[in-house]
Amino acid sequence: MHKKTRRTYKKSIFSEAGKKSQTCSKTLEGKTATFAPHFFPMPNIVSIIQDAVAAAVTELYAEPVDAAKVQVNSTPPDFTGDYSVVIFPFAKIAKKAPDAAAQEIGAALQARVSEIRAFNVVKGFLNLEISDAYWQQFLQDTASDPSFGRQPKNGKKVMVEFSSPNTNKPLHLGHIRNILLGWSCTQLLEAAGYEVVKTQIINDRGVAICKSMVSWKNFGEGKTPASEGIKSDHFVGDYYVLFEQKTKAEYEAWQQSEAGQALLAEKQKPGQTPEAFFKDFKNKWFNEYSQLGSEVRDMLLKWENHDPETIALWKKMNDWVYEGFDKTYNALGVSFDKLYYESDTYLLGKDIVEEGLSKNVFFKKEDGSVWIDLTDAGHDQKVVLRADGTSVYITQDMGTAQMRHRELGCERYIYVVADEQNYHFQVLFEALKRLGEPYANGLYHLSYGLVELPTGRMKTREGTVVDADDLIAEVLRIATEQAAERNEIDNASQTEQAENLRKIGMGALKFFIIKVHPRKKMIFNPEESVDLQGQTGPYIQYSYVRIHRMMLRVQNDHIDLSKAVEYSGIQAQEKDLLVALHQYPSVVEEAAQAYDPSLVANYCYALAKSYHRFYHELSVLNAETEPAKAFRLQLSQTVGQVLASGMALLGVEMPDRM
RNA sequence: GGCUCCGUAGCUUAAUGGAUAGAGCAUCUGACUACGGAUCAGAAGGUUAGAGGUUCGAGUCCUCUCGGAGUCACCA
């Protein structure tokens, strides 16, 4: 019966949420397949410099140097040069003052490397100027390589697990951060050459969903999302909230009852107020005295015993939730390859416990409960199986890890889960290591900070949780409002305009969230999140739109770009862009390796900023000469291509006008 | 209390151990008969929580102190 649920959900997610991203990934894969051999059409200038420095130092001072450790940075604006080599580490080897060594190394480099046009030395830094010919060649190669920044397939497979919601209420802001982070990592890893399996674990069973079920059964009067005209996951969530309200009312009534007062008199500690007592007592009350509480436990028991009526209700309500989730995932532009349901996996892990016992990784206490002792690794003892033989959270996770590895055979498994579970994953991974699981060293917890509002942490009980659908609707509303204020006369069709507004609104929201380093907790200011100016997604989209509009002119006017090669005298603003473009592949690689999309976000912003400046200070379509015009157009085109590519890695699409 | 993470301008943030800590928002001043002003230029705003240490060089590494968050369940 569980299988049917899985199938239904999978089908719907591919029919709706999957559609857009499928198209998207098809394009990218097509490009990869076609252009993969040209990944680095010409040698990377930074590694040329590194190699040459290593060779020069070895030759000059008879001391071997690791080329990878030669520090090469792009030269700060106030100095002359494109790249700077840090010479301090070689001063000691040379037994000379840093500046003297820099002079010698600089001379050796210039003699050795034809791309180096000139050099100067400032306070131990060797500043190198790269020849225009190199940059010309670089631009030609890059402009014709749509897969620039993407690595060829490396034949390795990784799994990324993200989102993983409960099925008792709709997605909220916290899920959005998780989803954007997870999605972006899948895109980064694909760009880095991996085959990526996108998964989530749907927490579709347990007390929470039973609460919604009891609530609907008792108070729902047979209403449905369709009959009420409410988005179906919100409909279910509303019954969850109603359950909490009814429980609260029941508890308050009980507190005033004879039974409640008697218990208070009996158990109240000296000096404890009745309020404090009842607050502490709430869980115990729910488990032992509450009518609704006992109905929930009943429901859970019936579910575990496969009671047909309960299972039917469970399926009906979960299907409502999935239908709603699909819409939200669709709006966010994400999809999954493989879904796991907790109802299928919650019993897993018991055979691992047996195995662990036989390997003496686990031990059994007198009451029959099974434990792992991690005190030697700075952790505590943790229970892995209850005394009654039932699983706990970590038992399931061990079982699921093993099952997934058998099924998928990945090299790495990335869990995108908030940092409140750091300890859990440390213990989980350590346990799997000690069990000798072959994939144990490939496990990684991508931990991220919780999202907080300026007023503090979001709390369900205080109604401060920011709903995902509401938030999405809000950014779209702001984008529409802002566009209207601009009062642009636009011939685009209604659907085209709506599509662009959607890209702008979602671009603002996504960029706002993804630009912050994952590890940092995030203060989410709703007003700032919909800003369309400054360090935002739309700022980057705007530079893309400028380029896109110019490229239309190139097409319509049949402007010949081949004259670009005749251009000489590259300007500072152009050089900034070339150096930034050159950096793109290493940024992607680093971001993929560190599982850190914020690196790409900050890179895209910096590139867009350089472009806006370039655009403002130099004429493109009205450039002084034909070669200058062609060169700047080609440069612009390449910037646009890299911006679109980089933002796609963050899940942000580019509008063609705004 | 133990362990982990964080502390950078009023706010949100950036900086493979490298040059004068870089942006955005907010504040103030300029630039449109437009290659699209959702842009650009400029001003002001910093003892990188504090104190030691390692280093030619520390926001970054080490130690301690202070402040904040998370976690330490036979919950998930």
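Numbers restart at 1 for each chain; the letters A, B, ... are given by sequence-line order, proteins then strands.
A sub-4.0 Å separation between OP1 or OP2 of B:A41 and a side-chain N or O of A:Arg613 is present. One finds no side-chain N or O of A:Tyr423 lying less than 4.0 angstrom from the OP1 or OP2 phosphate oxygen of B:U71. For A:Arg546, a side-chain nitrogen or oxygen approaches OP1 or OP2 of B:G37 to under 4.0 Å. For B:C6, the OP1/OP2 oxygens have a side-chain nitrogen or oxygen of A:Arg519 closer than 4.0 Å. Within the 4.0 Å cut-off from OP1 or OP2 of B:G57, not a single side-chain nitrogen or oxygen of A:Lys123 is found. Between B:A73 and A:Arg386, no contact under 4.0 Å exists linking OP1 or OP2 to a side-chain N or O. For B:G70, one of the phosphate oxygens OP1 or OP2 lies less than 4.0 angstrom from a side-chain nitrogen or oxygen of A:Arg457. Within the 4.0 Å cut-off from OP1 or OP2 of B:C35, not a single side-chain nitrogen or oxygen of A:Lys629 is found. Residue A:Lys521 places none of its side-chain N or O atoms closer than 4.0 Å to OP1 or OP2 of B:G70. Regarding contacts with the backbone of B:G7, a side-chain N or O of A:Lys520 is found under 4.0 angstrom from either OP1 or OP2.
The aromatic rings of A:Tyr415 and A:Phe429 lie tilted to each other, with the angle between the two planes from 30° to 60°.
A cation-pi geometry, defined here as NZ or CZ lying under 6.0 Å from the six-membered ring centre and within 45° of its normal, does not hold between A:Arg546 and A:Tyr611. A cation-pi arrangement is absent between A:Arg177 and A:Tyr448, since the terminal nitrogen or guanidinium carbon is not both under 6.0 Å from the aromatic centre and inside a 45° cone about the axis. Relative to the ring axis of A:Phe286, A:Lys211 places its NZ or CZ within 45° and under 6.0 Å from the centre.
Across all strands, A:Phe512 comes closer than 4.0 Å to no nucleic acid atom at all (heavy-atom distances). Within 4.0 Å (heavy atoms only), A:Asn73 reaches at least one base atom of the nucleic acid. As judged by a 4.0 angstrom heavy-atom cut-off over every strand, A:Asn203 is placed among residues making no nucleic acid contact. Within 4.0 Å of A:Val86, counting heavy atoms only, lies at least one base atom of the nucleic acid. When heavy atoms are screened at a 4.0 angstrom cut-off, A:Pro89 is found touching base atoms of the nucleic acid. Within the 4.0 angstrom heavy-atom criterion, base atoms lie near A:Leu618. Using a 4.0 Å heavy-atom distance criterion, A:Leu532 is classed as a base contact. At a threshold of 4.0 angstrom between heavy atoms, the contacts of A:Val545 include nucleobase atoms, whether or not backbone atoms are also involved. If you check every strand for non-hydrogen atoms under 4.0 Å, A:Tyr539 touches sugar and phosphate atoms only. Using a 4.0 Å heavy-atom distance criterion, A:Ile504 is classed as a base contact. Note on A:His517: only backbone sugar-phosphate atoms sit closer than 4.0 angstrom, heavy atoms only; bases stay farther off. Base engagement by A:Asn127 is indicated by at least one non-hydrogen atom pair under 4.0 Å involving a base atom. Using a 4.0 Å heavy-atom criterion, one finds that A:Glu342 contacts the sugar-phosphate atoms exclusively. When heavy atoms are screened at a 4.0 angstrom cut-off, A:Tyr393 is found touching base atoms of the nucleic acid.
Atom NZ of A:Lys382 and atom CG of A:Asp373 lie 12.5 Å apart (nearest 0.5 Å).
Separating the CZ atom of A:Arg205 from the C1' atom of B:A76 is a distance of 9 Å, rounded to the nearest angstrom. In this structure, the CD atom of A:Glu481 is 16 Å from the P atom of B:A38, given to the nearest Å. Between A:Ile540 atom CD1 and B:G24 atom C1' the separation is 12 Å, expressed in whole Å. Taking atom OH of residue A:Tyr544 and atom P of nucleotide B:G36, one finds them 16 Å apart after rounding to whole Å. One interatomic measurement links the two molecules: CE of A:Met550 to P of B:G36, which rounds to 8 Å at whole-angstrom precision.
Closest to the side chain of A:Pro76, out of B:A19, B:C40, B:G36, is B:A19. Listed nucleotides: B:A19, B:G70, B:C56. Nearest to the side chain of A:Val122: B:A19. Nearest nucleotide to the side chain of A:Arg553, out of B:C35, B:U39, B:A76: B:C35. The side chain of A:Pro538 approaches B:A38 more closely than any other nucleotide in the set B:C40, B:U13, B:A38. Among B:G24, B:A38, B:A15, the nucleotide with an atom closest to any side-chain atom of A:Met658 is B:A38. Among the nucleotides B:A15, B:C25, B:G70, the one closest to any side-chain atom of A:Asp531 is B:C25. For A:Gln71, whose side chain is taken as the heavy atoms from C-beta onward, the closest listed nucleotide among B:U16, B:G70, B:A41 is B:U16.
Taking only distance into account, the side chain of A:Ser84 meets the base of B:A19 through a donor-acceptor pair shorter than 3.5 Å. Contact annotation: side chain of A:Asp397 to base of B:A76, donor-acceptor pair absent below 3.5 Å.
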Audit row: A:Gln634, A:Tyr567, side chain to side chain donor-acceptor pair (under 3.5 Å) steps and yes/no: CA-CA 11 Å; A:Gln634 198 167 46; A:Tyr567 180 59; over 6 Å; no

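Across all strands shown, B:C66 is found opposite B:G7 as a Watson-Crick or G-U wobble partner, with both distances under 3.5 Å. Across every strand in view, B:A44 sits unpaired, with no contact that passes the Watson-Crick or G-U test at under 3.5 angstrom. Across all strands shown, nothing is found opposite B:G59 as a Watson-Crick or G-U wobble partner with both distances under 3.5 Å. With a 3.5 Å ceiling on both atom-pair distances, the Watson-Crick or G-U wobble partner of B:G2 is B:U71. In this entry B:G36 has no Watson-Crick or G-U wobble partner, no candidate having both defining distances under 3.5 Å. Searching all strands for a Watson-Crick or G-U wobble partner of B:U12 with both distances below 3.5 Å returns B:A23.
B:U60 and B:A9: their P atoms are spaced 15 Å apart (whole Å).
Look at A:Glu653 and A:Lys510 and you find no salt bridge, because none of the NZ, NE, NH1 or NH2 atoms lies under 4.0 Å from a carboxylate O. Salt-bridge formation is not detected for the pair A:Glu354/A:Lys350: no Lys NZ or Arg NE/NH1/NH2 atom is positioned less than 4.0 Å from an Asp or Glu carboxylate oxygen. Salt bridge present: A:Arg457 and A:Glu420 bring a charged side-chain N and a carboxylate O closer than 4.0 Å.
Stacking between A:Phe79 and the base of B:A19 is present: ring centres sit under 5.5 Å apart and the planes differ by under 30 degrees. The ring of A:Phe125 does not lie on top of the base of B:G18; it is either too far (5.5 Å or more) or too tilted (30° or more).
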